[in-house]
Amino acid sequence: MSILKRFKDIMASNINALLDKAENPEKMIDQYMRNLNSDLGKVKAETASVMAERQRAKRALNECKADIEKLQIYAIKAVEAGNDEDAKKFLERKASLTAKQMELQEAYSLADANAERMKEMHNKLVSDIRELEARRSMIKGKMRVAKTQERLNKISSSITGTNDSMSAFAQMEEKVNKALDEANAMAELNSNPKDDLEDLMTKYESHHSIDDELAALKMQIKTDE
């Protein structure tokens, strides 16, 4: 990718828009800073070269202008001295240099425009890098807070699930207790009513039996005697 193509991309880039679209701004900003620093190194070298070319073109133009002024002065002196032939030679050389001056002026204008474009790109890169450095720590801080909040949300969700399980168990226990109470009530209804008279008869029948046995025992003892 040529430096001029990168110039268009860099000047058209919008850091905030890129970060807003990024799924992972933390990684995006790190990668973008690596790209910018790489571009900045290339732009610095290219800018220095272009600015040097502008200085060289300016120096050549100034030297040409100085030579033209000098030839003009010599032509005047030759005329004043009555040496028209010498004056013509100076003027011919001046005309040649004047044509060259136009070429040098065009070359200098182009070099000056290139230098300004490179300086503009350099300044844009420096500004982007400073802005990213300022935002990187802020974004990473926000990412740490977001991750902490995510963990808290998961823990909170787990606790909510436990509460739901406890509630389900309580409902099941309540159903079981209800079924047991109903079964006990049904058993009580199905049982025969207690007959107290039968119990009393059983009591006396038992006493008679013992008395009879006691009398038989006494009779046996007397018989043995």
Side-chain angles (χ1 to χ4, degrees), residues 1-140:
M1 180 179 293
S2 69
I3 194 66
L4 292 180
K5 175 66 171 60
R6 284 295 298 151
F7 173 80
K8 293 179 181 178
D9 293 342
I10 291 169
M11 298 306 291
S13 65
N14 184 309
I15 295 174
N16 293 327
L18 289 173
L19 294 179
D20 290 340
K21 294 178 182 177
E23 294 182 358
N24 190 330
E26 188 176 6
K27 289 185 178 179
M28 178 71 182
I29 201 169
D30 287 341
Q31 182 59 49
Y32 199 68
M33 284 201 67
R34 286 193 289 272
N35 293 342
L36 287 180
N37 281 313
S38 175
D39 289 338
L40 182 59
K42 297 174 184 175
V43 168
K44 274 186 176 179
E46 191 68 21
T47 301
S49 176
V50 172
M51 291 178 69
E53 175 59 24
R54 179 174 64 177
Q55 286 299 111
R56 189 202 64 77
K58 184 178 182 180
R59 186 168 51 252
L61 178 61
N62 290 338
E63 289 175 355
C64 182
K65 289 180 178 178
D67 288 342
I68 291 173
E69 291 176 359
K70 189 185 297 181
L71 289 171
Q72 178 68 16
I73 293 172
Y74 282 127
I76 293 173
K77 288 182 178 180
V79 171
E80 289 175 346
N83 297 322
D84 292 349
E85 290 299 323
D86 291 343
K88 286 182 179 179
K89 291 180 181 177
F90 289 131
L91 291 175
E92 288 173 356
R93 178 63 62 87
K94 177 189 172 185
S96 176
L97 289 181
T98 299
K100 183 180 179 182
Q101 180 188 358
M102 295 178 64
E103 296 176 357
L104 291 175
Q105 179 62 55
E106 185 177 349
Y108 171 72
S109 298
L110 180 59
D112 183 60
N114 288 337
E116 290 302 315
R117 291 176 66 188
M118 293 304 298
K119 284 178 65 178
E120 186 180 1
M121 180 162 54
H122 174 270
N123 293 338
K124 173 73 163 53
L125 284 171
V126 171
S127 174
D128 285 355
I129 290 173
R130 286 177 180 172
E131 184 173 350
L132 283 176
E133 287 176 344
R135 293 192 63 185
R136 179 164 60 178
S137 59
M138 180 189 68
I139 289 175
K140 288 189 174 183

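The shortest side-chain heavy-atom distance between E133 and M33 falls under the 4.5 Å cut-off.
Atom CG in D128 sits 6.5 Å away from atom CG in L132 (nearest 0.5 Å). The OG1 atom of T98 sits 4.0 Å away from atom CD1 of I68, with the distance rounded to the nearest 0.5 Å. Atom-to-atom distance recorded for Q101:CD and S96:OG is 12.0 Å, nearest 0.5 angstrom. Here the NZ-CG distance, from K124 to D39, works out to 11.0 Å after rounding to the nearest 0.5 Å. Between the CE atom in M102 and the CG atom in L97 there is a gap of 13.5 Å [rounded to 0.5 Å].
Residues passing the side chain to side chain donor-acceptor pair (under 3.5 Å) test with R130: none are found, sequence neighbours excluded. Judged as a side chain to side chain contact (heavy atoms under 4.5 Å, CB included), and not counting sequence neighbours, the contacts of M138 are R135, K142. Residues passing the side chain to side chain contact (heavy atoms under 4.5 Å, CB included) test with Q31 are R34, N35, sequence neighbours excluded. When the side chain to side chain donor-acceptor pair (under 3.5 Å) test is applied to E53, the partners found at least two apart in sequence or on another chain are R56.
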Please report, to 0.1 Å, the donor-acceptor pairs under 3.5 Å made by any side chain of residues 105-112, with sequence neighbours excluded.
unit_1: Q105; atom_1: NE2; unit_2: S109; atom_2: OG; d: 3.4
unit_1: S109; atom_1: OG; unit_2: Q105; atom_2: O; d: 3.0
unit_1: D112; atom_1: OD1; unit_2: R54; atom_2: NH1; d: 2.8

Can you give each donor-acceptor pair under 3.5 Å made by side-chain atoms of residues 74-94, sequence neighbours left out, with the distance rounded to 0.1 Å?
unit_1: K94; atom_1: NZ; unit_2: Q72; atom_2: OE1; d: 2.4

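The ring pair (Phe, Tyr, Trp, His ring centres under 6.0 Å) pairs that include a residue from residues 33-72 number zero, where partners must be two or more places apart or lie in different chains. Sequence neighbours left out, not one pair with a member in residues 58-69 passes side chain to side chain donor-acceptor pair (under 3.5 Å). Listed by first and then second residue, the ring pair (Phe, Tyr, Trp, His ring centres under 6.0 Å) pairs involving residues 33-52 amount to none (not counting sequence neighbours). Within the structure, ring pair (Phe, Tyr, Trp, His ring centres under 6.0 Å) pairs that include any residue of residues 116-137 do not occur (at least two apart or interchain).
Screening M121, R117, E116 against K119 for a side-chain contact (heavy atoms from CB on, under 4.5 Å) leaves a single residue, E116.
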